[in-house]
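These numbers come from the heavy atoms of this one structure, side chains and all, not from hydrogens, waters or symmetry mates.
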Amino acid sequence: MSLKKELRFYGINNIEKILVDNKYGNIFIQEGSRLLLYNAFKNSYQNLFNNFVLNEAKVFLKNDIIIVAGAFGVLFSKITGRGILTAPIV
C-alpha cells in the first residue's frame with residue numbers, strides 16, 4: 001500500500017507539515033487541528049495533545065523534543081522511544 005493511501009485510511013487528507021525523528025523512526029504529521037504520530041517500526045499511530053487546540057499552531061522538532069506553539073502558549077514533549085513521548089509541559 002502506498003503512503004498516500006495508508007494516510008487516507010487514517011483520515012489524513014490535508015497534510016500541513018511532516019517532521020521525522022531519525023533516532024526512533026517517529027513521523028509527526030500536522031493536519032489542521034491534529035498532530036499525529038506514526039512509527040513504522042511498531043506500525044503504531046496516535047493522535048497527540050488532544051486537550052489542546054492546535055489550529056494554526058506551529059510545530060518544530062529539536063533534537064529529542066517536539067515543540068508546539070499556538071494560542072495556548074508553547075508546549076514541549078520529550079521523545080523517549082518509538083511512539084513514546086513524555087507528558088507535555090506548557
Side-chain angles (χ1 to χ4, degrees):
M1 181 182 301
S2 74
L3 179 59
K4 191 172 185 178
K5 285 183 183 178
E6 189 167 335
L7 291 173
R8 282 190 187 152
F9 176 77
Y10 291 112
I12 303 169
N13 297 306
N14 187 22
I15 297 171
E16 295 176 28
K17 191 173 198 177
I18 296 176
L19 299 167
V20 178
D21 160 33
N22 291 316
K23 184 174 181 180
Y24 297 109
N26 296 310
I27 301 171
F28 297 91
I29 303 165
Q30 182 180 10
E31 181 201 33
S33 63
R34 300 191 304 168
L35 182 61
L36 311 164
L37 170 59
Y38 175 73
N39 186 280
F41 293 105
K42 292 175 63 176
N43 195 25
S44 66
Y45 157 85
Q46 59 186 306
N47 286 310
L48 298 176
F49 316 128
N50 293 326
N51 296 335
F52 298 93
V53 178
L54 301 179
N55 291 344
E56 299 182 22
K58 303 295 182 199
V59 180
F60 307 94
L61 182 61
K62 178 68 175 170
N63 299 325
D64 290 346
I65 299 174
I66 189 83
I67 305 163
V68 183
F72 53 84
V74 181
L75 175 153
F76 299 89
S77 186
K78 184 165 177 52
I79 304 162
T80 59
R82 293 179 174 170
I84 304 169
L85 284 82
T86 61
I89 297 171
V90 180

Quiz item: Considering all heavy atoms of both residues, which atom of Ile65 and which atom of Ile79 are nearest to each other, and what is their separation?
Solution: N-CD1, 4.4 Å

Quiz item: Is there a donor-acceptor contact under 3.5 Å from the side chain of Thr86 to the main chain of Ser77?
Solution: no

Quiz item: How about Glu56: does its CD atom have over 12 heavy atoms from other parts shown lying under 6.0 Å from it?
Solution: no

Exercise. Please lay out, stage by stage, how Leu75 and Ile89 fare under the test side chain to side chain contact (heavy atoms under 4.5 Å, CB included).
Key: CA-CA 6 Å; Leu75 175 153; Ile89 297 171; over 6 Å; no

Quiz item: Quick one: do Val74 and Val59 end up in the same hydrophobic cluster if we chain Ile, Leu, Val, Met, Phe, Trp and Tyr together by side-chain heavy atoms under 4.5 Å apart?
Solution: no

Quiz item: Just by modelled atom types, is the Gly32 backbone N or O under 3.5 Å from a matching donor or acceptor in the Glu16 side chain?
Solution: yes

Exercise. Please check if any side-chain donor atom of Tyr38 sits under 3.5 Å from a side-chain acceptor atom of Asn43, or the reverse.
Key: yes

Exercise. Flag yes if Val53 and Phe76 sit in one hydrophobic cluster, no otherwise; membership is Ile, Leu, Val, Met, Phe, Trp, Tyr, and two members link when side-chain heavy atoms are under 4.5 Å apart.
Key: no

Quiz item: Looking at CZ of Phe72 and CG of Asn51, how far apart are the two atoms once the value is rounded to the nearest 0.5 Å?
Solution: 11.0 Å

Quiz item: Is there a donor-acceptor contact under 3.5 Å from the side chain of Asn26 to the main chain of Gly81?
Solution: yes

Quiz item: How about Val68 and Lys58: do any of their side-chain heavy atoms sit closer than 4.5 Å?
Solution: no

Self-check item: Any Ile66 side-chain heavy atom under 4.5 Å of Phe49 side chain
Solution: yes

Quiz prompt | Distance (rounded to the nearest 0.5 Å) between Arg34 CZ and Leu48 CG | solution = 11.0 Å

Quiz prompt | Flag side-chain contact, heavy atom, 4.5 Å: Tyr45 against Ile27 | solution = no

Exercise. State, to 0.1 Å, how close Leu54 and Ser33 come at their nearest heavy-atom pair, and which atoms those are.
Key: CB-O, 3.5 Å

Quiz item: Looking at CG of Leu61 and CD1 of Ile67, how far apart are the two atoms once the value is rounded to the nearest 0.5 Å?
Solution: 8.0 Å

Quiz item: Once you round to the nearest 0.5 Å, how far does CG of Leu37 lie from CD1 of Ile29?
Solution: 8.5 Å

Practice problem: Check the hydrophobic clustering (I, L, V, M, F, W, Y; side-chain heavy atoms under 4.5 Å; chains of links allowed) and say if Phe52 and Leu36 are grouped together. | Solution: no

Quiz item: Is the NZ or CZ atom of Lys42 both under 6.0 Å from the centre of the six-membered ring of Tyr24 and within 45° of that ring's axis?
Solution: no

Practice problem: Over all heavy atoms of both residues, which pair between Asn39 and Gly83 is shortest? Give the atoms and the distance, please. | Solution: ND2-N, 3.8 Å

Quiz item: Linking I/L/V/M/F/W/Y whenever their side-chain heavy atoms sit closer than 4.5 Å, directly or via other members, would Ile15 and Val20 fall into one cluster?
Solution: yes

Quiz item: Rounded to the nearest 0.5 Å, how far apart are NZ of Lys62 and CG of Leu19?
Solution: 13.0 Å

Quiz item: Distance from Lys17 atom NZ to Phe60 atom CZ, nearest 0.5 Å?
Solution: 5.0 Å

